[in-house]
Amino acid sequence: MAEFPKAYIPKDAEERWYPYWENHGYFHAKVNAKKKPYTIVIPPPNITGILTMGHVLNNTIQDVFIRWKRMQGFETLWMPGTDHAGIATQNVVEKSLAKEGKSRHDLGREEFLKRVWSWKEQYGSTIIRQLRRLGTSCDWERERFTMDEGLSAAVQEIFIRLYDKGLIYRGKYIVNWCPKDHTALSDDEVNYGEQNTNLWHIKYPIKDTKEFAVIATTRPETMLGDTAVAVHPKDERYKHLVGKMVLLPLTNREIPIITDEFVDPAFGTGMVKVTPAHDPNDYWVGQRHNASMGQRHQMPFINILDESARLNENVPQKYQGMDHLEARKQVVKDLEELGLMLKIEPYVNNVGRCYRCDSVIQPYLSDQWFVKMKPLAEQALKVVEDGTIRFYPERWVKTYEHWMTNIRDWCISRQLWWGHRIPVWYCEGDEFCTLECKQPLVSKTKPEKCPHCNCTELRQDEDVLDTWFSSWLWPFSTLGWPHDNPDLRYFYPTDTLVTGPDIIFFWVARMIMAGLEVTGEIPLPDGSQRKRKEDLVPFKHVYFTSIIRDVKGRKMSKSLGNSPDPLDVIAEYGADALRFTIVYLAPLGQDVMYSNEKCEMGRNFANKIWNAGRFLLMNKEQLKAESAENGGQAARSAGKPISSGTGTISDAHLDLADRWILSRLHSTVDEFNTLLDKFEINQATKIIYDFMWHDFCDWYVEMIKGRLYGSEPTEVKEVVLNRALYVFDQALRLLHPFMPFVTEDLWQRLAERAEGESIMVSDFPAADTKRIDTKTELEMRFVQNTIESIRNVRGELSVPPSKEVSIIIHFADKSKAEVIQKYRSYFQRLARVTNIEQLTDGQKPKQAASAVVEGGEVFIPLEGIIDLGAERERIEKEIAHNQKMFDSIQGKLSNDSFVSKAPQAVVEKEREKLENFRTSLEKLKKNLERL
RNA sequence: GGACGCUUAGCUCAGCUGGUUCAGAGCGCCGCCCUUACAAGGCGGAGGUCGUAGGUUCGAUCCCUACAGCGUCCACCA
């Protein structure tokens, strides 16, 4: 026999089979009109990323679906790739530049981008290499990158189309501005933290009255940009002031008192200064105000800061050029001198800081590009609500709905260098230009001249697009969109998206919008037009994975350093163990507390399977040798490889154990497929685990040992063994999507395999419901229970395994006694019972331990060894338990309303149970007495 | 502040749309075993009034309400 160590060595299988699969092209998908496609696109990991436990879970789940469907005969495409991750990547490169004492500005844009690209070439596929170690069956030949040529073309294409449709526009927007880096930050790039500061209460004189409007602020200097004072519309205290003008101190401006719902009357004085250019709330107040007021009452947005947060020309001369903190001191001082500072109280507030340089970010009004989301969101909302796209777990639909109905426009420009440059050009004007031409020109390439004024001095927009602006096209841009091609027609839409719920808005929602927006133009494989919603949506099912936490319940993150390196885990436990364990631990929609030791479960399981295979193959060798001695036919049948198709097996010499294991196999297969269809994938791991370990190893294998080691003819043994091999083969296939390596390794050993054969392209088991046999399962259950009862007696009375016993059985139902007699060999092997006698009515065994089982009793004469005290204790325990059940059922049955209102069948069942407990109790009590 | 989720054995968690696989698994623990696949194993055992208080129902771990604790997301902190 080939080398077959006692313990499974994951590394050997992993290094052997991954290249084998890849070299045979099993990961590669091709258009195949005879098969149905099944597609998953990977959520592209950042090129800066390294593999985390989150990735392990996410990609294992995808691989499970992909391998399952592939074996079921689908043409299966798992599209891999990576994301350019604008800011993250730019950061990494900037940091390495900083070590050389340089900034990106020292290099200039072009040179800097060269550096980023070369960084990407060198390190950008780290995570992809790591992913392969997990055993993922991605179609690597198709690997894409969000900034490769095709995807960049797709980005430009959609930008231009949406611009032409009026869905992309340029506008002013409050952004999180880092005054040091001179860039806008997205909300998730801002770190919030508490800071001790003051709350300054300032009095604004109200024109034509003696009153003051008292406002409180944490940033007094921004008052120079105030354009209103706001109160809540229902605030009775200030009703009489609404519409009046306030004299803004330190400036010569008059600003109105207006109303807005957002003001909290309970905070401070209930009056708030409005600085629309320097506060997000105030920005929206200003927007709302201007939208509801006529032209004459438009509120200006006065920007008082420059890019470095210094005060600009829109403030009185004396403050110009000051840093905003310096200006704050000055403003406070000046107000105090004017007697307008009512009070200053200490205050703790949250300030946002740049996640890179930790500078306090400034809300800042700037020119940005936007996508108008409302029109896109409408359809995207509908397809989720009507079930064209289903979420698992479903509850995320609510979150999705909430966001989609309150959606704001998407700011897509980023002040970065690394990313897709915005395909917009501005006319700079030249010495001959007479027009004030500022029209943006949207074009994939630099236009020769401005169509409005004919100037040739054109400058491209400096900004790049948000990283998500390429991600939202991922399900079809990776297939070649906007160019029509057979792959796109065939593999789009994809089937399942597996991702985290944290990016439901950033990514999932936007992919749905983009898919609905553009994929109608892709013909179906037969050339007809794509019209139905289900052909336009980018995926049909979205599986939201669990969040992986550490043992303290903290989210695993790079910054906490609490995420184990999956490669270390793979080295220690094996890829299969990691895959199986993490999926086993992750029920749909629940978080997972993960620690490495938990992988022992997966490792032990892999080892268990390994040894089951080892057992079968050792016997196969043994039988081969045996039949070689005998010569003749037996040799041929034993040497015959078991079927590698769905297979049929001999029904000769079918025993209880055989019928039972086949029944269990088929119901497991049936349940397995149902569970995966419902995305209850951790349930699926549980049933395959139980089948393999408990049904197959603990019972079935133990039960066939009697026949394999017994005196039966070699050919009978061969039939028995071949059947066991068949069941094992089927179980390996079931398990293969979860544990690809150990299952492949064993499957290859089970029979002579031709070059290129693989479990990963073998047929997935199909449930044959005719094999599911409840009668057999009941009979087996009776045998198992009886064996367990005997074991229980032996265990409780500390009868060592080496000690064989005889039993005396007593059954009212003769057929039960017959079953035990018939399968005495099982009792011999599994309960160490040598002799079985029947007790005739009226007889009483002496000095025997006893067990009450379904329909009768089993006595174990233990003269000499029996510890009466222990046995009495054991029976008393049994009695107590039975009595408890008996009482509770009797209570139920003596309740009239239960008997009259509960369904008849339920009542009947309870009565039956009551009788069973009654007879058990009688027997137990009698046996106790006898002692 | 809004939305959602969680609370079951010492630990980590299952339990799919109310009544036999309803009280489960793995780890840990206790006892007996190196029985010729596996000590990464086998057999047996102990451990829980299923967060608290009400309600619906003949019947609640499961459905409803409130509360407590934990957590996630969103908004906000003038």
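Each chain gets a letter, A, B and so on, in the order its sequence line appears, and its residues count up from 1.
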For B:U49, the Watson-Crick or wobble partner whose two distances fall under 3.5 Å: none
For B:G18, the nucleotide meeting Watson-Crick or G-U wobble distances (both under 3.5 Å) is none
Once you apply a heavy-atom cut-off of 4.0 Å, does A:Glu597 come out as touching a base, just sugar-phosphate, or nothing? nothing
Using purine N1 to pyrimidine N3 plus N6-O4 or O6-N4 for Watson-Crick, or N1-O2 and O6-N3 for G-U wobble, each under 3.5 Å, what pairs with B:U36? none
Decide yes or no for A:Ile609 and A:Trp693: does some side-chain heavy atom of the first lie under 4.5 Å from some side-chain heavy atom of the second? no
Using a heavy-atom cut-off of 4.0 Å across all strands, would you classify A:Glu600 as base, sugar-phosphate, or nothing? nothing
Any donor and acceptor pair, going by atom type alone, linking the side chain of A:Asp235 with main-chain N or O of A:Val231 inside 3.5 Å? no
So, A:Arg791 and A:Glu788, do they make that salt bridge, N to O below 4.0 Å? no
Considering every strand and a 4.0 Å limit on heavy-atom distances, what is the contact class for A:Asp698: base, sugar-phosphate, or nothing? sugar-phosphate
Scanning all shown strands, the Watson-Crick or wobble mate of B:C4 with both distances under 3.5 Å is B:G71
Looking at B:A37, B:C58, B:C32, which one has an atom nearest to any side-chain atom of A:Pro800? B:C32
In this structure, which one of A:Phe505, A:Trp396, A:Trp410 forms a ring pair (Phe, Tyr, Trp, His ring centres under 6.0 Å) with A:Trp403? A:Phe505
Using only heavy-atom distances, determine whether the side chains of A:Gln362 and A:His278 contain a donor-acceptor pair under 3.5 Å. no
Using the P atom in both, what is the distance from B:G42 to B:U36, to the nearest Å? 15 Å
Which nucleotide, B:C38, B:A37, B:C32, lies nearest any side-chain atom of A:Met618? B:A37
Which part of the nucleic acid, if any, lies within contact of A:Phe696, taking any heavy atom under 4.0 Å across all strands shown: a base, the sugar-phosphate backbone alone, or nothing? nothing
Just checking A:Tyr584: base, sugar-phosphate only, or nothing, at a heavy-atom cut-off of under 4.0 Å? sugar-phosphate
Selection from B:A40, B:G26, B:U20 that lies nearest to any side-chain heavy atom of A:Tyr689: B:G26
Distance check, P atoms only: B:U7 and B:G51, in whole angstrom units. 7 Å
For B:C38, does the base pair up with any side-chain atom of A:Lys608 as donor and acceptor (N or O, under 3.5 Å, distance only)? yes
Report yes if a side-chain nitrogen or oxygen of A:Asn792 is closer than 4.0 Å to either non-bridging phosphate oxygen (OP1 or OP2) of B:G45; otherwise report no. yes
Compare side-chain N and O positions of A:Trp693 against OP1 and OP2 of B:G42 and report whether any pair is under 4.0 Å apart. yes
To the nearest angstrom, the NZ-P distance between A:Lys686 and B:A25 comes to 12 Å
For A:Thr399 and for A:Ile215, find the nucleotide of RNA chain B with the closest heavy atom, then tell me which residue's nucleotide is more 5'. A:Thr399
Less than 4.5 Å apart, any side-chain heavy atom of A:Lys273 and any of A:Met223? yes
Sugar-phosphate only, base, or nothing, as touched by A:Arg395 at under 4.0 Å among non-hydrogen atoms: sugar-phosphate
Among B:G45, B:U20, B:G15, which nucleotide has an atom closest to any side-chain atom of A:Gln683? B:G15
Distance between C1' atoms of B:G26 and B:C67 (Å, rounded): 34 Å
Respond yes when some side-chain nitrogen or oxygen of A:Tyr709 is under 4.0 Å from OP1 or OP2 of B:A37, and no when none is. yes
Taking only the P atom of each, what is the distance from B:G44 to B:C27 in whole angstrom? 14 Å
Could you state the CD1-P distance from A:Ile687 to B:A14, rounded to the nearest angstrom? 17 Å
What contact category does A:Pro903 fall into here, base, sugar-phosphate, or nothing, at under 4.0 angstrom with non-hydrogen atoms? base
Between B:A14, B:A37, B:A78, spot the one nearest the side chain of A:Thr218, thanks. B:A78
The Watson-Crick or G-U wobble partner of B:A60, with both key distances under 3.5 Å, is none
Heavy atoms only, 4.0 Å cut-off, all strands: where does A:Ala902 land among base, sugar-phosphate and nothing? base
Spacing of the C1' atoms in B:U8 and B:C22 (rounded, Å): 12 Å
Closest nucleotide of RNA chain B for A:Arg829 versus for A:Glu671: which of these residues is on the 5' side? A:Glu671
Determine the interatomic distance between C1' on B:C4 and the same-named atom on B:A75; round to the nearest Å. 15 Å
Let's test your reading of the model: under 3.5 Å, does the base of B:A37 pair with the side chain of A:Lys705 as donor and acceptor? yes
Would you say the side chains of A:Asn596 and A:Tyr594 form a donor-acceptor pair under 3.5 Å? yes
Please determine, for the side chain of A:Phe615, which listed nucleotide (B:U35, B:A37, B:A78) has the closest atom? B:A37
Record whether the side chain of A:Glu401 comes under 3.5 Å of the base of B:A3 through a donor-acceptor pair of N or O atoms. no
Candidate nucleotides B:A37, B:C58, B:A23, ranked by approach to the side chain of A:Met885 - the nearest: B:A23
Is the phosphate of B:C32, meaning OP1 or OP2, less than 4.0 Å from a side-chain N or O of A:Lys803? no
Rounded distance in Å between the C1' positions of B:C13 and B:A23: 15 Å
What is the pairing partner of B:A78, taking Watson-Crick or G-U wobble pairs with both distances under 3.5 Å in any strand? none
Value in whole Å for how far the C1' atom of B:G24 lies from NE2 of A:His694: 12 Å
Base-pairing assignment for B:C13 (Watson-Crick or G-U wobble, both under 3.5 Å): B:G24
For the side chain of A:Lys901, starting at C-beta, report the closest nucleotide among B:G44, B:C58, B:G42. B:C58
Is there a side-chain contact between A:Asn619 and the phosphate of B:A37, meaning an N or O under 4.0 Å from OP1 or OP2? no
Please state whether the phosphate of B:C38, meaning OP1 or OP2, lies under 4.0 angstrom from any side-chain nitrogen or oxygen of A:Lys6. yes
Rounded to whole Å, CZ of A:Phe782 lies from C1' of B:U20 at a distance of 18 Å
Using the six-membered ring wherever Trp is involved, compare the ring planes of A:His694 and A:Tyr689 and label them parallel, tilted or perpendicular (cut-offs 30° and 60°). perpendicular
When you measure from the side chain of A:Arg791, which nucleotide among B:C16, B:U12, B:G44 comes out closest? B:G44
Counting only side-chain heavy atoms from C-beta out, which of B:G31, B:A37, B:A78 sits nearest to A:Val272? B:A78
Taking the side chain as every heavy atom from C-beta outward, state whether A:Leu585 and A:Asn682 have any atom pair closer than 4.5 Å. no
B:C43 -> Watson-Crick or G-U wobble partner, both distances under 3.5 Å, gives B:G31
If the plane angle is over 60° it's perpendicular, under 30° parallel, otherwise tilted; pick one for A:Tyr8 and A:Trp610. tilted
Integer angstrom distance from the P of B:C16 to that of B:A39: 37 Å
Gap between atoms CZ and P, on A:Arg832 and B:G42 respectively (whole Å): 17 Å
Heavy atoms only, 4.0 Å cut-off, all strands: where does A:Lys892 land among base, sugar-phosphate and nothing? nothing
Interatomic distance, A:Ile787 CD1 vs B:U35 P [rounded to whole Å]: 20 Å
